[in-house]
Amino acid sequence: MVHISEIARIFREEYGRSVAVLVRVLGSIDAAEDAVQDAFTEAVARWPDDGLPPSPAGWIITTARNRAIDRFRREASGREKLVQAAILHGDEHSDEPEEVDTVEDNQLRLIFTCCHPAINRAAQVALTLKLLGGLTTAEIAHAFLVPEATMAQRLVRAKGKIRDARIPYRVPSGAELPERLKSVLAVVYLVFNEGYAASSGAGLVREHLCHEAVRLGRLIMELMPDEPEAKGLLALMLLLNARSEARTTPDGGLVLLADQDRSVWDKDQTAEGQLLVRQCLKRNQPGPYQLQAAINAVHSDAAQPASTDWRQILALYGQLLAMEPTPVVALNRAVALAEVEGPASGLAAVDVLELGNYYLFHAVRADLLRRLGRNNEAVSAYREAQERTDNDAERDFLASRIRALTTTGPGPAAPTSDHPLGR
């Protein structure tokens, strides 16, 4: 007897792989999705009594392909029917192992298709989660706090863009690849960040988005093992995700890195992330994700916050800033600078940045002002930060800082972290 939860697990794991294969066979994302949905509907009807087939993935792919063929035959007529029959003839009798062997290449093609520069970034993220992550439209809409109808329209437009612009279903080569890979990795990291520190809503963390991003990161690294930035991104996500259990209180409150119980950090994820960082260092082809992973590896080396090697972190941020001279990187470097040279140096580095609409800019300024004893200015900065975040857990944390300054004077020791708020 197969429980429905086991079928749901297989759906999560195999949906993206199956859709990727069927897109190649059918030449249409919509047709591929419909076929895979039909196959899983049949699995729900049959597997509880029949038991799991020897290869659930192969069963789904083969069944989905056959259902698509049946549908084309029912709906097509005349010349169209002959064309579709010609397209499908070569695949109809192909044996299962050949289908399964092509899965990895097809997934890689689909990832690059989802992340084509002709599609806007928000739609890239949604489409990646839908086609590769196996999330439903409702789940994606819930994760990004938009109505399901809005997310459905976003997905339809993205798939329509792929169809109408005839975006090729392939991995780019030559000069195209570095920029396109950069976009793919950026989308996966955006998914992770939305899970790690939700941009809005009641909870700080959306664990399922973190898990999907890590899974996609593993997939990309496995499919492109010679790309050091793919390895760096996976290392970064693992090292950050390892802190999950310690990042919030039982009631969902934000816990700074300096206050986290490091004994509950996930040791396996930490060890894997550190191993990947060491492998990247041996390659000596540094990139932004590798440098961010190295920074977090330094944090994970410290059994206690006081033993953090901030000079090494500052040096790594210097390299990252040279590679990506953005105000956000400069803000993070200023946090490290404050730990090495003191809050006055950190504040001087922060005050030259043009990040007035970024709530963490104001949160960092507030903390540095607090450490300098400039409490009234710190309270004002904390309030500026409050106005610029839509996440309840972050707003509550900032409110607690304001209360501490307005009732008892200077707050506790400054947070220490790679992240401005020590997360």
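What you are looking at is a predicted structure, and each value in this text was computed from that prediction instead of being measured. Side chains are part of it too, since the values below use all heavy atoms of this structure and drop only hydrogens, waters and symmetry mates.
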Visitor: Search all heavy atoms of Phe40 against all heavy atoms of Ile7 and return the closest pair with its distance.
Guide: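 That closest heavy-atom pairing would be CE2-O, 4.4 Å.
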Visitor: Looking at Gln260 and Val255, would you say the former's side chain and the latter's main chain have a donor-acceptor pair under 3.5 Å?
Guide: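 Pair found, side chain donor or acceptor close to backbone of Val255.
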Visitor: Is the positively charged end of Arg395 above the ring of Tyr359, judged by distance under 6.0 angstrom from the centroid and angle within 45° of the axis?
Guide: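 No.
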Visitor: When you compare the side chains of Ser28 and Asp30, does any donor N or O come within less than 3.5 Å of an acceptor on the partner?
Guide: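 No - no donor-acceptor pair under 3.5 Å links their side chains.
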Visitor: Charged N to carboxylate O below 4.0 Å: is that the case for Arg9 and Glu14?
Guide: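 No, no charged N to carboxylate O under 4.0 Å.
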Visitor: Which label fits Tyr189 and Tyr289: parallel for a plane angle under 30°, tilted from 30 to 60°, or perpendicular past 60°?
Guide: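 It falls in the perpendicular class, over 60°.
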Visitor: Look at atom CD of Gln279 and say whether more than 12 heavy atoms of other residues, nucleotides or ligands are closer to it than 6.0 Å.
Guide: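 Count over threshold, so yes.
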Visitor: Where is the tightest heavy-atom contact between Ala330 and Leu321, given as atom of each residue plus distance?
Guide: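 Smallest heavy-atom distance, with atoms named: N-CD1, 3.8 Å.
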Visitor: Could you tell me whether a side-chain N or O of Arg109 sits under 3.5 Å from a main-chain N or O of Ala20, the two making a donor and an acceptor?
Guide: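 Looks like no, no N/O pair under 3.5 Å.
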Visitor: Would you indicate whether Glu387, at its atom CD, is surrounded by more than 12 heavy atoms from other residues, nucleotides or ligands within a distance under 6.0 Å?
Guide: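 Yes.
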Visitor: To the nearest 0.5 angstrom, please state how far the OH atom of Tyr196 sits from the CE atom of Met237.
Guide: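 It comes to 13.0 Å.
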Visitor: Do the charged groups of Asp34 and Arg71 touch, with an N to O distance under 4.0 Å?
Guide: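 Answer for the salt bridge query: yes.
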Visitor: Residues two or more places apart in sequence or in another chain: which of them pass side chain to side chain donor-acceptor pair (under 3.5 Å) with Trp47?
Guide: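 Result, side chain to side chain donor-acceptor pair (under 3.5 Å) vs Trp47: none returned.
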Visitor: Got a donor-acceptor contact below 3.5 angstrom from the Gln285 side chain to the Pro228 backbone?
Guide: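 Judged by distance alone, no pair lies under 3.5 Å.
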Visitor: Would a distance-only check, ignoring hydrogens and angles, find a side-chain to backbone donor-acceptor pair under 3.5 Å from Arg170 to Thr113?
Guide: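 No: the side chain of Arg170 does not pair with the backbone of Thr113.
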Visitor: To the closest 0.5 Å, what do you measure between CD1 (Ile10) and CD (Glu6)?
Guide: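 Reported value, rounded in 0.5 Å steps: 4.5 Å.
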Visitor: For residues Ala126 and Met151, report the shortest heavy-atom separation together with the two atoms involved.
Guide: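 Closest pair (atom of Ala126, atom of Met151, distance): CB-SD, 3.6 Å.
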Visitor: Under a 3.5 Å cutoff, is there a donor and acceptor pairing between the side chains of Arg243 and Asn296?
Guide: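 Short answer, yes.
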Visitor: So, applying side-chain contact (heavy atoms from CB on, under 4.5 Å) with Glu227, which one of Met224, Glu229, Lys231 is it?
Guide: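 Testing each of Met224, Glu229, Lys231 against Glu227, the sole residue satisfying side-chain contact (heavy atoms from CB on, under 4.5 Å) is Met224.
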Visitor: Do the charged groups of Glu42 and Arg67 touch, with an N to O distance under 4.0 Å?
Guide: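 Looking at Arg67 together with Glu42, the answer is yes, because their closest N to O distance falls below 4.0 Å.
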Visitor: Less than 3.5 Å apart, any donor N or O on the side chain of Thr41 or Asp38 sitting next to an acceptor on the other?
Guide: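 The criterion, which ignores hydrogens and geometry beyond distance, is not satisfied for Asp38 and Thr41.
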Visitor: By salt bridge (Lys or Arg N to Asp or Glu O under 4.0 Å), which residues pair with Glu207, not counting sequence neighbours?
Guide: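 For Glu207 there are no salt bridge (Lys or Arg N to Asp or Glu O under 4.0 Å) partners, ignoring immediate neighbours.
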Visitor: Side chain of Tyr382, backbone of Ser400: donor and acceptor closer than 3.5 Å?
Guide: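 No: the side chain of Tyr382 does not pair with the backbone of Ser400.
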Visitor: Is the closest basic N to carboxylate O distance between Glu339 and Arg311 below 4.0 Å?
Guide: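 Result for this pair is no, no salt bridge flagged.
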Visitor: Give a yes or no on whether the backbone of Ile60 and the side-chain of Thr63 come within a donor-acceptor separation of less than 3.5 Å.
Guide: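 Such a contact is absent between Thr63 side chain and Ile60 backbone.
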Visitor: According to salt bridge (Lys or Arg N to Asp or Glu O under 4.0 Å), who are the partners of Arg154, at least two apart in sequence or on a separate chain?
Guide: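 For Arg154 there are no salt bridge (Lys or Arg N to Asp or Glu O under 4.0 Å) partners, ignoring immediate neighbours.
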Visitor: Could you go through the ring-ring contact (aromatic ring centres under 6.0 Å, His included) check for His299 and Trp310 one step at a time?
Guide: CA-CA 9 Å; His299 280 294; Trp310 280 104; 5.3 Å; yes
Visitor: Between Ser307 and Gln304 (side chain of the first, backbone of the second, donor and acceptor by atom type, cut-off under 3.5 Å), is there such a pair?
Guide: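 Here the side-chain-to-backbone pair exists.
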Visitor: So how far is it from Leu254 CG to Leu256 CG, rounded to the nearest 0.5 Å?
Guide: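 One finds 6.0 Å between CG of Leu254 and CG of Leu256.
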Visitor: Testing the basics here: between Arg121 and Ser183, what is the closest heavy-atom pair and its distance to 0.1 Å?
Guide: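 What the structure gives for the nearest pair is NH2-OG, 3.7 Å.
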Visitor: Restricting to non-hydrogen atoms, name the atom on Arg262 and the atom on Ala302 that form the minimum distance, rounded to 0.1 Å.
Guide: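 Smallest interatomic distance, heavy atoms only, reads NH1-O, 2.7 Å.
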Visitor: Ignoring hydrogens and geometry, is there a side-chain-to-backbone donor-acceptor pair from Thr248 to Gly252 under 3.5 Å?
Guide: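 Judged by distance alone, no pair lies under 3.5 Å.
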Visitor: Looking only at the side chains, is there a donor atom on one of Arg383 and Gln386 sitting less than 3.5 Å from an acceptor on the other?
Guide: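 On atom types as modelled, these side chains do not qualify, holding no pair under 3.5 Å.
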Visitor: Indicate yes or no for a side-chain donor-acceptor contact from His116 to the backbone of Ile167 under 3.5 Å, with no hydrogens or angles considered.
Guide: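 Answer holds: no.
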Visitor: Strictly distance-based, threshold 3.5 Å: is any side-chain N or O of Tyr169 a donor or acceptor partner for the main-chain N or O of Asn106?
Guide: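 Checked: pair present.
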Visitor: Work out which heavy atom in Leu239 is nearest to a heavy atom in Ala297; give both atom names and the distance.
Guide: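 So the minimum-distance heavy-atom pair works out to CD1-N, 3.7 Å.
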Visitor: Between Glu384 and Arg388, does any NZ, NE, NH1 or NH2 come within less than 4.0 Å of an OD or OE carboxylate oxygen?
Guide: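 Counted as a salt bridge, because a side-chain N and a carboxylate O are separated by less than 4.0 Å.
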Visitor: Tell me yes or no: between the side chains of Glu394 and Thr389, is some donor less than 3.5 Å from an acceptor?
Guide: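 A pair is found: one side chain offers a donor N or O, the other an acceptor, under 3.5 Å apart.
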